[in-house]
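To start, the structure itself, in C-alpha cells.
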Amino acid sequence: MAETQKPTAQELRDKDKRERDELHERIMEKERQSKKRVASSSAGDTEGPGRSFEFSNEEERREAIDHIRLMARRKYLGEREVKISDLRGRQVSDAEWLMKGEKLSEAEQQYLKLERDLYDVTKQRMEERGLERPVGYNMPDVYDDDDQKGQNKRFAVLEQRYQQTYDEKWEKNEEQRLEDATVSKAVTKYGAQKGRKENKEKTQYDLILEDAVEFGEAEVVGGNFKAPTLEEGPKAESSDEDEKDMNVPKAIRDERVFKKLKKEADNLQKDRKSLPVYLYKAPLLEAVRDYQVLIIVGETGSGKTTQIPQYLHEVGYSKIGKIGCTQPRRVAAMSVAARVAKEYGCKVGHEVGYNIRFEDCTTDRTIIEYMTDGMLLRSFLNEPDMASYSVMMIDEAHERTLHTDVLFGLVKDVARFRQDLKLIISSATLDAEKFSEYFDNAPIFNVPGRRFPVSIHYTKAPEANYLDACVITVLQIHLTQGPGDVLVFFTGQQEIEEAMDLLSFKTRGMGTTMGELLVLPIYANLPTDMQAKIFEATPPGARKVVLATNIAETSITIDNIVFVIDPGFCKQNSFNPRTGMESLIVVPCSKASANQRAGRAGRVKPGKCFRLFTKWSYEHELDDDNAPEIQRSNLGHVVLMLKSIGIDDLLHFDFMDPPPPETLIKALEQLYALSALNDQGDLTKLGRRMAEFPMDPQQSKSLIQADKYKCVDEVVTICSMLGVDGAIFYRPKDKGLHADNARKNFHKPGGDHMTMLHVYKQWEETGFSLNWCMENYLQNRSLKRARDIREQLVDMLEKVEIEHSSNVNDVDGQRKSILSGFFYNTARLRKDGSYVTVKHPHTVEIHPTSSLFGQQPRLVCYHELVLTTKEFMRGCIEVKPEWLLEVAPHFYQSKDLDGFKGKMPKGQGAASGGFGAAK
DNA sequence: GAGCACTGC
C-alpha cells in the first residue's frame with residue numbers, strides 16, 4: 001500500500017538501489033543452494049514456496065516458457081515495469097522447474113534468480129505480518145488424479161515436440177510472441193516510443209540498449225486476447241435483406257438524423273454478424289416457426305438477448321404483434337433496449353423501447369419491447385391474454401426469480417389458448433431439460449457462448465477462517481500472479497468492511513516490492529458515488545481488488561477481472577410460513593452460483609478462480625441450484641395478484657417448482673384476514689382495489705384504510721419509505737456512532753413509521769437536498785426511490801378513487817391506518833420485558849435500531865419479523881389495544897382484550913394473558 | 001445493545 005507521505009524520487013531511487021544491492025548479495029549467497037535445489041528437483045516436484053502446476057496442453061507450456069524468456073530479456077534490458085510476478089501466473093519455483101533443462105542465457109538466469117529472491121523477500125514479509133500460512137490450491141481440472149507418472153510422460157513428449165518448433169518460432173516471430181505473452185495494460189506503456197523514453201529515465205539499472213526489442217503497437221495486443229470472431233455468416237443471409245430492414249419509416253424522421261443513425265447502424269451490423277447467435281439465425285427462425293414454445297440455451301456473450309428479437313422482427317413477427325422480451329432487472333432492460341435501438345437505427349422508445357416501473361419508454365409504434373418480468377406480470381392485470389404480443393421471450397430464465405416463475409405458469413396457460421403466440425424461454429445451460437419438460441417437451445436450441453476459459457483452483461483442505469484465507473489469497477495473487485484485477489465474494493457489508501481492514505493492516509508497510517493494491521468495496525447499500533469507483537480504470541502498475549457481495553454475481557459486471565476468489569457462501573433470505581418470519585442467514589452457495597462467480601473471471605481473457613473449499617465439498621456438499629425464490633418467499637402479494645388475474649385454484653396452479661402449500665395457505669389466510677378474500681376464497685371489492693397497488697397486501701390495505709382516517713398523504717409517504725425498506729440509513733463501520741446519533745435525531749414518538757415520515761418530510765423541506773442526506777447519514781438514492789414510489793402511488797390514488805387527504809398531526813390516525821393492514825403483526829409485552837406475538841405465541845424482541853427500543857410499550861405492531869441473532873421485530877409502532885377492535889373487529893373480539901382494557905396493573909395484566917386472537 | 005444478500009411492481 002502507498003505510504004502516507006510520498007517519498008521523493010531521489011529517495012525512491014536510493015531505496016531501490018539499496019534493495020537491489022541487498023538482493024544481489026542474497027542472490028550470490030543463495031546461488032549454490034538454489035542450484036542444488038533446482039538440480040535435485042524432479043518434474044512435478046512441489047518443493048519450494050509455491051504450489052505445483054501442470055499445463056493442460058503443450059501450447060500453454062510453450063507459452064509459459066516463452067513468456068519467461070521474454071520477461072527475462074525485458075528485465076535484462078532494464079524494464080522497470082516488469083513485475084516480479086510477471087510469470088503469467090506461475091510461481092517462481094514453477095519457473096525454475098520449467099526452465100530446467102532449457103538453455104538459459106545470462107539474462108534469463110539472472111531473471112530467474114531475481115524472481116526467486118524477490119519471491120523469498122515478499123514471502124518473508126508476508127510471514128512477518130502473520131501470513132505464514134499461504135493458502136494452497138489444487139488444480140483438479142488439470143490433474144489426472146493419482147497419475148503423476150503419466151503426467152511426466154506426457155511432458156516428455158510435449159517437450160520433445162516443443163523443442164522442434166521452438167527456435168524458429170522464437171526467432172522468426174519474436175514480436176508476435178511478445179504480443180501473445182504480454183497483457184494489454186503493461187504493453188501500452190512499452191508500446192509507444194514516448195512511454196519507453198519515460199521508462200528509461202526512471203530506471204535505475206545500467207542498461208544495454210543496443211539490441212532493444214522493438215515493441216509493437218498496443219492495439220494488436222488486445223486483439224490477440226479477443227475470442228476468435230466469426231467473420232462470415234452463412235451465405236443465405238444476403239446483405240440486401242439487412243438493407244431492407246433498415247428502412248425505418250422516413251416520414252417520421254428528419255432525413256439527416258436518419259442518415260446518421262443509419263450509418264451508425266451499418267457499422268453495428270458488422271458487430272451483429274460477429275455474434276455466435278448469428279450463425280444460427282436461419283435454423284433458429286425455423287424452429288420458432290415450427291414450434292410454439294422454444295427453449296434457447298445460450299451462455300453469456302452469445303448475443304441472444306439483443307439479436308433474437310431483431311431476427312423475429314426481420315421475418316415479420318412484428319406485423320402480428322409486439323415482440324416482447326423480459327429481463328429480471330431494470331438496468332438490463334434499459335441497456336439492452338438502448339443497444340438494440342442503436343443497432344436498429346432508431347431512438348429508444350420508438351421502434352425499440354423498454355418498459356420498467358416509473359419509466360414506460362414505449363410508444364404506439366414500438367415493436368420490440370424490453371421489460372422487467374415484474375412489469376409483464378403486472379400487465380396481466382389489464383391484458384390477461386397478452387394480446388398485443390406475437391412473441392414473448394423470457395430471458396435469463398435460469399435465474400428463477402419470483403416473477404419469472406409466476407410468469408412461466410401464466411404464459412404456459414396463455415399459450416394453450418393462443419396458438420398464434422410464440423414463446424421463447426432463454427436460459428443458461430443448467431436447467432434446459434427441466435424447462436423443456438415443463439413446457440410439454442419443447443425443443444431445446446443450443447447457442448454456444450463466447451467466453452474465455454477459467455481454471456478452477458480448490459483449496460487442499462477446508463479453511464477454518466475464510467475471511468482470513470480470502471485476504472491471504474488476495475495477497476498471494478498480488479505477489480505471484482500476472483496483471484489482472486481481483487474480485488472477492490463476501491456475504492455482506494460487515495464482512496467486506498472487516499476484510500478491508502484486515503487487508504490494509506496486512507499490507508501496511510509492505511513497501512515497494514509490491515505494486516499498489518486498490519481495495520474497493522461494492523454492495524447494494526453503498527452510496528452511489530462510492531459504487532462508481534469500481535468502474536474507474538485501474539492505474540497502471542496497480543491492481544484492483546473488488547470486495548463484493550452477491551451483487552457482482554449477476555447484477556453488475558466489472559471490467560478487467562481476471563481472478564475470482566470465492567469462499568462459497570452467500571446470505572439467503574428464507575420465509576417460514578408457519579411463523580411468518582423471514583430470516584437472512586449465511587448458507588453455502590450452490591454449484592450454479594459458484595460457477596456463475598467463476599465465470600466472472602473469464603470476461604476479458606482466460607482467468608482463474610480460487611475457491612476456498614475443497615473439490616470434494618463442491619461435488620458432495622453444494623446443492624446444484626439455489627432454491628427458486630418462489631419457494632422461500634412470502635407470497636401474499638403474488639397470491640393477491642394471481643387471484644385478481646382470475647386464477648382461483650392456486651394450490652393446483654401449474655408452478656414449475658411449486659411453493660410449499662403452507663406458504664400459499666398462509667397467504668390466503670392473510671388475505672382473508674385482510675378482507676381481500678371472502679369466506680369462499682373469492683376476491684372482494686377491497687381485494688381488487690388492493691391488487692392495484694404495487695405493494696404488499698398489508699400496505700395496500702393500510703393505504704386504502706387511510707382514507708377513513710383522512711391521513712392518506714402521510715400513509716402514502718410511509719408506504720413509500722417502507723418500499724425502500726431498510727436502505728434509508730447508511731451506517732459505515734468507521735462512523736458508526738455518528739450514524740447512530742443521526743438516526744436517533746429523527747426519532748419521533750409513536751414509532752418507526754413516524755420516524756420515516758419525519759425523515760421524508762425533512763428531506764422534502766430541504767428541497768430534496770443531497771448534502772442534507774450526507775450530513776445525516778441518509779441514502780439519497782433510497783430517498784429518491786421513495787419519492788418515485790410516492791409519486792406512483794399518488795397517481796394511483798385517483799384510479800382507485802381515494803381522496804388525497806392529509807393530517808400531519810393525527811399520529812393516532814396514521815397509526816390506526818397502519819394497524820388496519822398490520823393488525824396481524826402484533827406483539828405484547830411480557831413481564832420479563834420480552835415480547836410475545838399475539839397470533840401464534842412466539843418470543844420476539846424489538847430491534848435495537850427501532851426508536852421504541854428500550855421503551856417497552858405494552859403493545860406493538862411491527863412491520864416484519866427477522867431472524868438474525870435473535871428474532872426481531874423491525875419497524876415498530878406503539879398501538880393501543882382498543883384500536884385493534886376498531887380496525888379489525890372481525891379478527892379481535894372484546895373479550896380478547898380484557899387484560900388490556902382499562903387500567904392494567906403494571907406488569908401484571910399482560911402476563912395474565914387473556915389476550916388472544918379470535919378466529 | 002444489534003447489524004440488511006439481491007431483485008422487482
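These numbers were taken from a predicted model, which means no experiment stands behind them. Just so you know, these numbers use all the heavy atoms, side chains as well, and skip hydrogens, waters and symmetry mates. So you know, we letter chains A, B, ... as the sequences are listed, proteins then strands, and number each from 1.
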Using a heavy-atom cut-off of under 4.0 Å over every strand shown, decide if [X] touches base, sugar-phosphate, or nothing.
| X | value |
| --- | --- |
| A:Ile551 | sugar-phosphate |
| A:Arg357 | base |
| A:Phe853 | sugar-phosphate |
| A:Phe872 | sugar-phosphate |
| A:Glu399 | nothing |
| A:Arg874 | base |

Between [X] ([atom1]) and [N] ([atom2]), how many Å, whole number?
| X | N | atom1 | atom2 | result |
| --- | --- | --- | --- | --- |
| A:Leu722 | B:dC4 | CG | C1' | 15 Å |
| A:Met873 | B:dA2 | CE | P | 15 Å |
| A:Phe490 | B:dA5 | CZ | C1' | 14 Å |
| A:His847 | B:dC4 | NE2 | C1' | 8 Å |
| A:Leu640 | B:dC9 | CG | P | 18 Å |
| A:Ile556 | B:dT7 | CD1 | C1' | 14 Å |
| A:Asn550 | B:dT7 | CG | C1' | 11 Å |
| A:Gln699 | B:dC9 | CD | C1' | 12 Å |

Exercise. Would you say B:dC9 has OP1 or OP2 under 4.0 Å from some side-chain N or O of A:Thr372?
Worked result: yes
Which of these nucleotides, [options], is closest to any side-chain atom of [X]?
| X | options | result |
| --- | --- | --- |
| A:Asp740 | B:dC6, B:dA2, B:dA5 | B:dA2 |
| A:Lys571 | B:dA5, B:dC6, B:dC4 | B:dA5 |
| A:Arg329 | B:dC9, B:dC4, B:dT7 | B:dT7 |
| A:Gln493 | B:dC9, B:dC4, B:dA5 | B:dA5 |
| A:Arg378 | B:dC6, B:dC9, B:dA5 | B:dC9 |

Closest non-hydrogen contact found for A:Phe408 with A:Ala397 is CZ-CB, 3.7 Å
Checklist entry - Of A:Pro848 and A:Ile356, whose closest DNA chain B nucleotide lies nearer the 5' terminus? => result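 Its nucleotide being nearer the 5' end, the pick is A:Pro848.
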Between A:Thr549 and A:Pro694, which has a closest nucleotide on DNA chain B that is more 5'?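 The 5'-side residue here is A:Thr549.
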Open item on the list: Before you tell me yes or no, could you show the steps for A:Gln493 and A:Tyr730 under side-chain contact (heavy atoms from CB on, under 4.5 Å), namely the whole-Å CA-CA distance, both residues' side-chain angles and the distance that decides it to 0.1 Å?
Closed with: CA-CA 11 Å; A:Gln493 176 182 355; A:Tyr730 176 61; 4.2 Å; yes
**Q.** Short side-chain donor-acceptor distance under 3.5 Å, A:Thr717 and A:Arg790
**A.** yes
Kindly indicate whether a cation-pi arrangement holds for A:Arg743 with A:Phe729, taking the cut-offs as under 6.0 Å to the six-membered ring centre and within 45° of the axis.
yes
With sequence neighbours left out, the residues meeting side-chain contact (heavy atoms from CB on, under 4.5 Å) with A:Thr843 are A:Arg830, A:Ser834
Discussion item. Once side-chain contact (heavy atoms from CB on, under 4.5 Å) is applied, do any residues pair with A:Asn576, and if so which ones, sequence neighbours excluded?
Written reply: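 Residues passing side-chain contact (heavy atoms from CB on, under 4.5 Å) with A:Asn576: A:Arg578, A:Thr579.
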